[in-house]
Q: 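Sharing a structure with you now.
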Number of protein chains: 2
Amino acid sequence: MSLSDLFEGDIVEAGAQVRIEPIQQRSTARLSGLLDATAIVVDEVGFDRITTAMVAERAGASIGTVYRYYPDRVAVLHALRERVIQRYRLRVARDIKLADPKTPWETIDCAITAFVDMYRTEPGFRIMHFADRERLPISAVSPADGIEVGFLAGQLAVVLSERFGLSYGPELLFRLEVMVEMAAAVLSRGFQSDVMGDERYIAEARRVLSVYLAGYYGEELEQHGTAAPVLESAE
Amino acid sequence: MSLSDLFEGDIVEAGAQVRIEPIQQRSTARLSGLLDATAIVVDEVGFDRITTAMVAERAGASIGTVYRYYPDRVAVLHALRERVIQRYRLRVARDIKLADPKTPWETIDCAITAFVDMYRTEPGFRIMHFADRERLPISAVSPADGIEVGFLAGQLAVVLSERFGLSYGPELLFRLEVMVEMAAAVLSRGFQSDVMGDERYIAEARRVLSVYLAGYYGEELEQHGTAAPVLESAE
DNA sequence: ATTTCCATGATTGAGTTCCGATCGGTGACG
DNA sequence: CGTCACCGATCGGAACTCAATCATGGAAAT
């Protein structure tokens, strides 16, 4: 499994729940237009006040068009969530390629920076934290012990094992899963008290993840020179 | 501000949004019955598929009764969320009284254990993690620097400062806020892959919080003998 | 190469169903 | 017996459908 396999597979914008795969050109534009509208409306009126009529109007489409592509109101939100995740993954992949991190920590730091940046710029990004996750399709099930691996964790696991030789396996996946959860929670908390993102929470998320990472992989990577900041009694 | 003030204040079951304060006895039973029904329905059909009709039927009440107490569908869910939080707080207060923790870590550990236990036994407890938090009334605003303090963090801050002399202030509140977010995220993740709670995530939540706590308050409390487990390369 | 043509995909929006929310009437409490 | 609690038919509006209409892009004709 290579990096390009992971990131360049299924670039398809459509969420898991599209009723009809778009065939003509214009319809894929419609589809993304619908999600663009959904994202804006979500930011405006919130997660549970959104109506299909609002989405349709914003997208310059009719109600019927919404239902051509999505079975119901909730499916639209799930599709938005998946697109946002997909975009985040692509962004992380790009950033890693550009930054060319020299340590696992720098890699994770890329992911954090991208998360913060998208929270600030990508409409509807909030949905990542607030949406109900229970119906998400399980992307992969680790055969060994049954840990369900999320997209992000699986992606980062590949990068970390390929670039830094961390052994790919359930432990790595599990730890990345934990890191993803922690970072998402603390960062989202930071954006709850401040729409531009409270820097204290962002800094703390970085600190927590770097310590976590160092705790598991700090010593064995000493030759690479881990640049992970030390947990200090700040302030 | 004493412990009893914090925990025994506002035992009122009603959420913030009740239309009419119940006066007769039976109506308070109705109110909690409605929330009981809501909790069960939330567990059954999920957060965004719930309807007021379902709630009414489950509670053995009519639609009108639901709207007598709550202005709209969303308010019912918020009320459930607040009741769940309230019950959790009381549970933590009780457990701390019973366990009589000797260290900050033992105190936090109480809170984690209570969280896990309530996830297993309290219907609708999932809502703590999944519900949209953006419309929650801000319980308190730290005057110094504007950190909004959640119920749980504020409560634990009082306990830790009263029992162990940690200095009560924005730093402590902030760090507890971070801990609450991290624990809730990782634990909820554990209940996502396993309805009874995946023990690996639970253990990891404990480990992460104990390390976090030790990082800030480990040394200065050596005389109490912190029992916080060390972050080990487990497995 | 250009135009015509048309099968099929895409869109529409009035119409249907269902759910959120109301309110006047009835029953129960104290 | 006044007031509080409850009910459920009813209304308004949002979710969702479907038959009719429009647009597309490729094939056939020239």
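So that the names make sense, note that chain A is the first sequence line, chain B the second, and so on, each numbered from 1. Here the structure is a predicted model, which means the values were calculated and not measured.
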Q: Between C1' on D:dT17 and CG on A:Asp72, what's the gap in Å once rounded to a whole number?
A: 14 Å
Q: What is the nucleic acid contact for B:Thr51, judged by heavy atoms within less than 4.0 Å: base, sugar-phosphate only, or nothing?
A: sugar-phosphate
Q: Nearest to the side chain of B:Tyr67, heavy atoms from C-beta on, is which of C:dG20, C:dG13, D:dA15?
A: C:dG20
Q: Taking the basic N atoms (NZ, or NE/NH1/NH2) and the acidic carboxylate oxygens, is any pair closer than 4.0 Å for B:Asp72 and A:Arg49?
A: yes
Q: Using 4.0 Å as the upper bound for N to carboxylate O, is an ion pair formed by B:Arg163 and B:Asp100?
A: yes
Q: Let's see if you can work this out: which of D:dC4, D:dA15, C:dT12 has an atom nearest to the side-chain heavy atoms of A:Thr52?
A: D:dA15
Q: Quick check, are the ring centers of B:Phe115 and B:Phe125 under 6.0 angstrom apart?
A: yes
Q: Taking atom P of C:dG9 as reference, at what distance in whole Å does atom OH of A:Tyr69 sit?
A: 12 Å
Q: The side chain of A:Ser62 lies closest to which of these nucleotides: D:dC6, C:dT11, C:dA21?
A: C:dT11
Q: Could you tell me whether B:Arg58 and B:Glu44 have a side-chain N and a carboxylate O separated by less than 4.0 Å?
A: yes
Q: Nearest to the side chain of B:Arg73, heavy atoms from C-beta on, is which of C:dG20, C:dT22, D:dT17?
A: C:dG20
Q: Whole angstroms only, please: what is the CZ-P distance between B:Arg30 and C:dA28?
A: 13 Å
